[in-house]
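For ligands, and for the atoms within them, numbers begin at 1 and follow the listed sequence.
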Amino acid sequence: MRFDTVIKNGTVVTATDTYASDIGIAGGKIAAIAQSLAAENAGKVIDAAGLLVMPGGIDVHTHLDMPFGGTTSSDDFQTGTIAAAHGGTTTLIDFAIQYKGQTLRQAFEGWMKKAEGKAVTDYAFHCIITELGDAHLEEMGQLVREGVSSFKLFMAYPGVFMLDDATIFRAMSQAAKYGGLICMHAENGGVIDVIVQRALAEGKRAPKYHALTRPTTAEAEATARAIALAEMAGAPVYIVHLSCNDALEKVREARDRGLPAYAETCPQYLFLSIDNFDVPGFEGAKYVFTPPLREKWHQEKLWQGLAKDTLQVVSTDHCPFCYKEQKELGKDDFTKIPNGGPGIEHRLSLVYTGGVHGKRFSANRFVQLVSTAPAKLFGLYPHKGTVAVGSDADLVLFDANEEQVISAKTHHMRVDYSMFEGIRVKGAAKTVLSRGRAIIENGKFVGRPGAGQFVRRQGYSGA
Ligand code: URP
Ligand code: ZN
Ligand code: ZN
């Protein structure tokens, strides 16, 4: 057999196995996996000696080119996917927002236009629902059939995104009927709003009050409510950006009862804490995102949640705003700081460092968390999320021992600071393939904007 590319001498790591093997690629797919493949006739040979060969990372929570908080997230689908590729992510699922008065289809088409011609990696969409009449309910089924098989709902941001319980219940029931998965932003937005207004009335305006006005109990209450609503609707539910032990306990209880409740956390909740607000002046604005940073002790609880499968996924919630001019919109009032932080580039390095080098879980569990479980939950598996004959050749050649210090000076995201500035990580993507084409080679971007494809996802069928 003639291969377009042969990867030789690597160590393949999947969610279940680790073994030495060559990989043959043809037509953008993995065509052969064998201990030794002949490379004479291959179009290209990549030597992966000393490297781990893993399925490309799948980041199921990004906000590229998203209008929010009076501005627009600073990475678009070109700069954002290039940064993702540098970090070993080959597929992302972004959020198409239904603005008030719009159909769900308009939301989807609007975001397709943002990505087309720009993305260097494959991409898919969840749809954020902000209004749900009878016609929208019908559209949910149509969208699932067209590959947009998950929907994000908000229990926070009153007046902007927040939905009431009845609407959430309707959406969940419809998702259950059509094979959709509801992704929930679980925070009690009504209570938070009262606490925020009290803080402002007391003259508390600095960035840290964003965190101090969003208690862990507000996240735990909403997480429990989301799970209860899903149970009544007979629907699975996926809690996004889970940040604290209180909410984790609610997911654990639900899973112990056998409910299809899932949750992700993000590197910022694993590596940063409320102590990050102890910086001069307005710099705390760099850490204003939602849910907020918590006390440090929550970090280890989240790591243990990842190790024990209470949490199934690590995503980034990448939502970058430059410190200058964007975060500064809230200079005199923390409620005006655009919520979000940049993270699309360093997810694999951070999770490998804290998880595998930190001896909290194996390299196989790492692959499960950053690629395989996201693929299974969000209808991408087995095309993506594993190394198997017939799967897309989305592959990361990962040097588990390369060290780097994260810095805005060297990152590729279009944002003027790093949340993880100065953190030393061990583990880096060296070469990255998307559908068999190299997009990163020895750390350099060699892909092409527009080469990334929209991926139609299947409906939810379990983890
Ligand atoms: O602060 C955040 N997380 N911004 C992005 C929107 C969201 O709620 O995920
Ligand atoms: Zn959210
Ligand atoms: Zn988000």
In this structure, OG1 of Thr81 is separated from CD1 of Ile344 (nearest 0.5 Å) by 7.5 Å

| message | Assess the residue pair Leu293 and Asn276 against the criterion (side-chain contact (heavy atoms from CB on, under 4.5 Å)); give the C-alpha distance rounded to whole Å, side-chain angles, the decisive distance to 0.1 Å, and a yes or no. | response | CA-CA 8 Å; Leu293 290 174; Asn276 284 81; 4.1 Å; yes

- [ ] Determine, using ring centers only, whether Tyr238 and Tyr460 are less than 6.0 Å apart.
- [x] no

| said: Taking atom NZ as the centre, does Lys250 end up with more than 12 heavy-atom neighbours from other residues, nucleotides or ligands that are less than 6.0 angstrom away? | reply: no

Counting only non-hydrogen atoms and a 4.0 Å cut-off, the residues near ligand 1 are His61, His63, Phe68, Lys152, Phe154, Tyr157, His185, His241, Phe289, Thr290, Asp317, Cys319, Asn339, Gly340

Report for the Zn ion (ligand 2), protein N, O or S closer than 2.8 Å, by chain and number, lists Lys152 NZ, His185 ND1, His241 NE2

Q. Is there a donor-acceptor contact under 3.5 Å linking the side chains of His318 and His63?
A. no

* Steps toward side-chain contact (heavy atoms from CB on, under 4.5 Å) verdict (Asp122, Lys384) -> CA-CA 10 Å; Asp122 286 355; Lys384 300 194 185 288; 2.8 Å; yes

When you measure from the side chain of Tyr269 to the backbone of Pro291, do you find a donor-acceptor pair of N or O atoms at a distance under 3.5 Å?
yes

Margin query: Keeping His210 on the side-chain end and Phe334 on the backbone end, is there a donor-acceptor pair under 3.5 Å?
Written below: no

For this session: Tell me, please, if His63 has any N/O/S atom, main chain or side chain, under 2.8 Å from the Zn ion (ligand 3)?
Result: yes

Donor-acceptor pairs under 3.5 Å, side chain of residues 136-146 to any protein atom, not counting sequence neighbours: which ones?
{"unit_1": "His136", "atom_1": "ND1", "unit_2": "Glu131", "atom_2": "O", "d": "3.4"}
{"unit_1": "His136", "atom_1": "ND1", "unit_2": "Gly133", "atom_2": "N", "d": "2.8"}
{"unit_1": "His136", "atom_1": "NE2", "unit_2": "Gln98", "atom_2": "NE2", "d": "3.3"}
{"unit_1": "His136", "atom_1": "NE2", "unit_2": "Gln102", "atom_2": "O", "d": "3.3"}
{"unit_1": "Glu139", "atom_1": "OE1", "unit_2": "Leu104", "atom_2": "N", "d": "2.8"}
{"unit_1": "Glu139", "atom_1": "OE2", "unit_2": "Leu104", "atom_2": "N", "d": "3.3"}
{"unit_1": "Glu139", "atom_1": "OE2", "unit_2": "Arg105", "atom_2": "N", "d": "2.9"}
{"unit_1": "Glu146", "atom_1": "OE1", "unit_2": "Arg105", "atom_2": "NH1", "d": "3.1"}
{"unit_1": "Glu146", "atom_1": "OE1", "unit_2": "Arg105", "atom_2": "NH2", "d": "3.3"}
{"unit_1": "Glu146", "atom_1": "OE2", "unit_2": "Arg105", "atom_2": "NH2", "d": "2.6"}

So side-chain hydrogen bond (donor to acceptor under 3.5 Å, both in side chains) across residues 157-171, not counting sequence neighbours, yields Tyr157-Thr290, Tyr157-Asn339, Asp164-Thr167, Asp165-Arg225

